[in-house]
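To keep things clear, I will list the structure first and then write my remarks on it.
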Amino acid sequence: MKLSTKALQVKASSTLSITATAKKMKADGIDVVAFTAGEPDFDTPAHIKEAAIEAINSGFTRYTDSSGTLELRQAICDKLKNDNGLHYEPSQIVVSNGAKHSLTNAFIAILDPEDEVLIPAPYWLSYPEMVHIAGGVAVGVPSGAEKGYKVTPEDLEKYLTNKTKAFIINSPNNPTGVVYSREELQALADFAVKHDLYVISDEIYEKLVYSSVEHVSIASFNEEIYKRTIVINGFSKGYAMTGWRLGYAAAPKEIAAAMGNVQSHMTSNACSITQKAGYAALTGCQQSVEDMRVDFEKRRDYIFERASKIPHIKVMKPEGAFYLFIDLSALYGKAVNGVEIKSAADAASILVKDYNVVVIPCADFGSPDNIRLSYAISHENIKKGMDRIEKFINDNF
Ligand code: PMP
Ligand code: GLU
């Protein structure tokens, strides 16, 4: 008896498993600070919850169109037009069980075996695994702190082969918090058109941009880039709806149809009740989204200021999402209780064991020198956690 080669190659999500470890520590009564999963700590806004209750009470509990209800797909088209200047029809929208599901549908729809997908590093750890699941080959393209953790067409070009089928752009970015400017995206769009590549544009953090930074969708520049882009978005981050499982893709007709066909056999529609909630989220008052964004911005300012004062650690001010990306390579070669630090993961282990702070080591994000702190936790916990990280540094270095 043997598992498939494909299954054996897929690793479990370490963000989810480390988050589970932190939850267990809490359940065991440990006073832990968990800078772990990227999950808003806010409750889903009341009017969204009420729409779901109403859906249950009115019996909206049956299968819907596999790609989503027409009303929700139309509301998504309206949102894409108003927020992003993108014109889609409902037949170009596939509503799924979260952006994770939409991304997997997209890779299955566009990849043949051995097709390569360029993934700018640092990247969200699920991308390479999704590409493997779809039978493709994930190719990490390094960026690095000196380049502001962004890639340019020249960087991508170095990894281009005759098998390259697509590249991913994730702005605002998980895990760095980087947001690509209009000009940077325009250059990447021209590159995609020139080399006839698909673009998977993961815009799930679009509502979470700070100061005067603007979110731009790469699909919005011209007809050529629109024709080759699959826009991915969802409700988890902007509307604090992680548990509801609702996301969507917008794409040219043939791609959307292929994704819809795949989904029609794998899962059918996203939960009917959740779709009603999603409709209320998009068509209702957006003040709660703005209130959450403003609160995240305050946390961003605080955590960045604290981190930038701690010696030996390097940080860059995040412009979006809710992650602080910390370079710990200055600790390499130093020892704590006789154990030498050789990677950010070694430092993360000490933080858990001796300081009750759980962070995400970023080797699986294509960046072994870094840890990621999700600041989607209370201000009080951010302060407590930063006090502990500061103590870890002061105690040992
Ligand atoms: N894309 C990125 C960059 C993410 O960080 C996440 C994390 N949840 C997702 C997609 C998936 O979101 P969901 O499936 O909850 O919609
Ligand atoms: N995307 C979030 C994160 O990066 C949620 C966990 C996950 O799905 O990986 O923390």
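Side chains included, hydrogens not; waters and symmetry mates left out as well; all remaining heavy atoms used. Whatever order the structure lists ligands and atoms in, that order sets their numbers, starting from 1.
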With atom 1 (N) of ligand 1 as the reference point, say which of D202, I168, I232, L246 has the nearest heavy atom.
-> D202
Between the side chain of S343 and the main-chain N/O of A345, is any donor-acceptor distance below 3.5 Å?
-> yes
Which atoms of ligand 2 have any heavy atom of S13 under 4.0 Å away?
-> 9 (O)
Hey, which atoms in ligand 1 end up nearer than 4.0 Å to a heavy atom of R245?
-> 13 (P), 14 (O), 15 (O)
May I ask you to check whether F296 and F42 place their ring centres under 6.0 Å from each other?
-> yes
Ligand 1-proximal atoms of A99, by part, heavy-atom distance under 4.0 Å | both
Out of Y248, W244, W124, F322, indicate the one that has the non-hydrogen atom closest to atom 9 (C) of ligand 1.
-> W124
Return a yes/no value for K100: is any of its N or O atoms, backbone included, closer than 3.5 angstrom to an N or O of ligand 2?
-> yes
Shortest protein contact, atom 12 (O) of ligand 1 (heavy atom only) | I204 CD1, 3.4 Å
Is the Lys NZ or Arg CZ of K237 less than 6.0 Å from the centre of Y205's six-membered ring, within 45° of the axis?
-> no
One finds that the ligand 1 atoms under 4.0 Å from a non-hydrogen atom of N170 are 3 (C)
Please state whether A37 comes within less than 4.0 angstrom of ligand 2, counting heavy atoms only.
-> yes
From the candidates E39, K237, E203, M241, the one that places a heavy atom nearest atom 7 (C) of ligand 1 = K237
Just by distance, do the side chain of E114 and the backbone of K163 share a donor-acceptor pair under 3.5 Å?
-> no
What atoms of ligand 2 come within less than 4.0 Å of a heavy atom belonging to K237?
-> 1 (N), 2 (C)
Proximal ligand 1 atoms for N174, defined as those under 4.0 Å from one of its heavy atoms | 3 (C), 4 (C), 5 (O)
Heteroatom proximity flag, R372 to ligand 2, N/O under 3.5 Å = yes
Ligand 1 contacted by F235 (non-hydrogen, < 4.0 Å) = no
